[in-house]
Number of protein chains: 2
Amino acid sequence: MTSAESAQPASRRIADALRSAIESGELRAGDKLPSERALAERYGAARNTAREAVRLLAEQGLVIAQHGRGVFVREPRRLFRFGSDRYSLANRATGLTPFRLEAQRQGKVPRIDVPSIAREVPPRDVAERLDVPPNQESVVHRENHYFADDEPVQIVSTYVRWDEAQGTLLMEARSGPNGIYGRLEELGHIMTNIRDEIIARMPTPHEATILGLQSGIPVLEVLHTSLDQDGVPFEVSRYVHRADLTGLKYELPVQ
Amino acid sequence: MTSAESAQPASRRIADALRSAIESGELRAGDKLPSERALAERYGAARNTAREAVRLLAEQGLVIAQHGRGVFVREPRRLFRFGSDRYSLANRATGLTPFRLEAQRQGKVPRIDVPSIAREVPPRDVAERLDVPPNQESVVHRENHYFADDEPVQIVSTYVRWDEAQGTLLMEARSGPNGIYGRLEELGHIMTNIRDEIIARMPTPHEATILGLQSGIPVLEVLHTSLDQDGVPFEVSRYVHRADLTGLKYELPVQ
DNA sequence: TCAACCCACTGGCTTGAGCCAGTTGTAGGC
DNA sequence: GCCTACAACTGGCTCAAGCCAGTGGGTTGA
């Protein structure tokens, strides 16, 4: 043991050993790690210490623990790649939402739940971008949950102006041909420019529950604004994606 | 205690209590949480259980522990907002890199370390995008570390073709006026289109060390490709950002 | 043949104890 | 007035033990 290694806590040493076993290919995706009790014995540590090592790896997103079964090396899979062309006219002409398009491309069965559609007071960031009053019930909030083969993939909150949505199919779960963008176009808003603001963070416990996220998987949050032919923002959506399943791609000309 | 609450482990209960104290504003950003020992006593649990509760909050990025001082509510700060205009000619004309521009805008002192510039075998994803052989030393890899007021913010690995970089300032830390894009322009590559591929993940231990990241902070990884007037990719960069400090923004027309 | 049951295994969670290592305020000496 | 040393805090890490709750293979009995 070198001095550098001995300076590290035992749980780190065990975690590093497992990590390099994974990186070297000695342990492959889907393989089962030794049990916590076995690790403890092998490294001459207490079970809690071995457990802490496994927790470190889980936190890094390398492994996943399954109660009663064991701890497994996580499969690297990034299924959904949302390109900036997801908003293009060509794709919208198919009548499918970006999510349905992507699911179809992958041969997965998409499902979309609409847990709620309601008039609400907008969050501050949404109010700013949609240019509506922040302290009134000035928006309609459509919350959608997206599944691929029954696995939860993303949570989307869409906001449109209440005065425009009132009495239209925008208040209904089934929003008609071409989805909500079809309705918004009928209201005179042709999507001309889009603005996507992207951050990454850890999920809230609520999001972790909905998305079925274990420790070690962040979310990608995209705050999307649609601007019409006059530069007027007419729709804002917050996409919360599982980061292990989702990638984003933007292609654009340099000005 | 309701049945829903009692079904939860004690550590979760303590964590939830602290979380709602934070969300309600009872505990504000920068405030110190009760010590682990105090929490244990207050909730009638062992210190390890209180400790586990704090760990849960840290994993969610809500609090930060400081050895010998205490556990503090994390300040929400997102300083760097890289817009898609960071590649624009107007900004490049300033002679500043996007990072220097952004730092300047915020009144921070930028520092850029160049730990290594070397001919290397490219990673597979880079080779694909730069259209070079993946099994030869076909690229020059420039690794940069970026600091704002001496705080590490991002790690950037830039790759250009070895046959083009050979013998030019692209092999030097000081790459001359307008940076590497200036040199690449002299080689006939005018940046015309860009492609950014974005994912979020937890940092590797190495990245966590360089960026000074504690538990609960993911990274944003941007794989950037520059395409010239002929659609030829001439430069690929991998940006690894601290997600707590960085946001990305893309504005583009709908086709 | 098949279902029910049991048992040995897995991780999940908690306890209570102890020692270590940073931090910070204070009492004491100069 | 200033510095030093110490003491009382903080979190960091480990141990050993125990009970609980899923899982899955094998045995047993109808």
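Hydrogens, waters and symmetry mates are skipped; everything else that's a heavy atom, side chains included, is used. Every chain is numbered from 1 and lettered A, B, ... according to where its sequence line falls, protein lines coming before strand lines.
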message: As a test of reading the structure: which of D/dG11, C/dG11, D/dT14 is closest to the side chain of A/Pro9, going by heavy atoms?
response: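 Within the option list, the nearest is D/dT14.
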
Donor/acceptor link under 3.5 angstrom from B/His67 side chain onto base of D/dG11: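 Side chain to base: pair present.
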
Taking atom [atom2] of [N] as reference, at what distance in whole Å does atom [atom1] of [X] sit?
X	N	atom1	atom2	result
A/Gln8	C/dA21	CD	P	15 Å
B/Arg55	D/dG12	CZ	C1'	13 Å
A/Arg47	C/dG12	CZ	C1'	8 Å
B/Glu36	C/dT15	CD	P	14 Å
A/Arg69	C/dT10	CZ	P	13 Å
A/Arg51	D/dG12	CZ	C1'	18 Å
A/Phe72	D/dT23	CZ	C1'	10 Å
A/Ile64	C/dG11	CD1	P	13 Å

message: Would you compute the distance between atom CZ of B/Arg105 and atom CZ of B/Arg81 and round it to the nearest 0.5 angstrom?
response: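 Separation between the atoms: 9.0 Å.
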
task: Any chance you could measure A/Arg12, atom CZ, to A/Glu52, atom CD, to the nearest 0.5 Å?
output: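 Nearest 0.5 Å value for the CZ-CD distance: 10.5 Å.
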
message: If you assign B/Lys32 and A/Asn48 each to the DNA chain D nucleotide with the nearest heavy atom, which residue ends up on the more 5' nucleotide?
response: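 With B/Lys32 and A/Asn48 compared, the 5'-side residue is B/Lys32.
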
message: Need one value for B/Glu52: base, sugar-phosphate or nothing, where a base atom within 4.0 Å counts as base even if backbone is also close, heavy atoms only.
response: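 No contact.
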
task: Under 4.0 Å between any heavy atoms, over every strand shown, what does A/Val71 touch: base, sugar-phosphate, or nothing? Just pick one.
output: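 Sugar-phosphate: the residue A/Val71, judged by heavy atoms under 4.0 Å, touches backbone atoms but no base.
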
Just to confirm, is there a sub-4.0 Å distance from OP1 or OP2 of [N] to any side-chain nitrogen or oxygen of [X]?
X	N	result
B/Ser11	C/dC13	no
A/Arg37	C/dT10	no
A/Ser35	C/dC9	no

Hey, are [Y] and [X] close enough side-chain-wise for a donor-acceptor pair under 3.5 Å?
X	Y	value
B/Thr209	B/Glu207	no
B/Asp196	B/Tyr250	yes
A/Thr204	B/Gln60	no

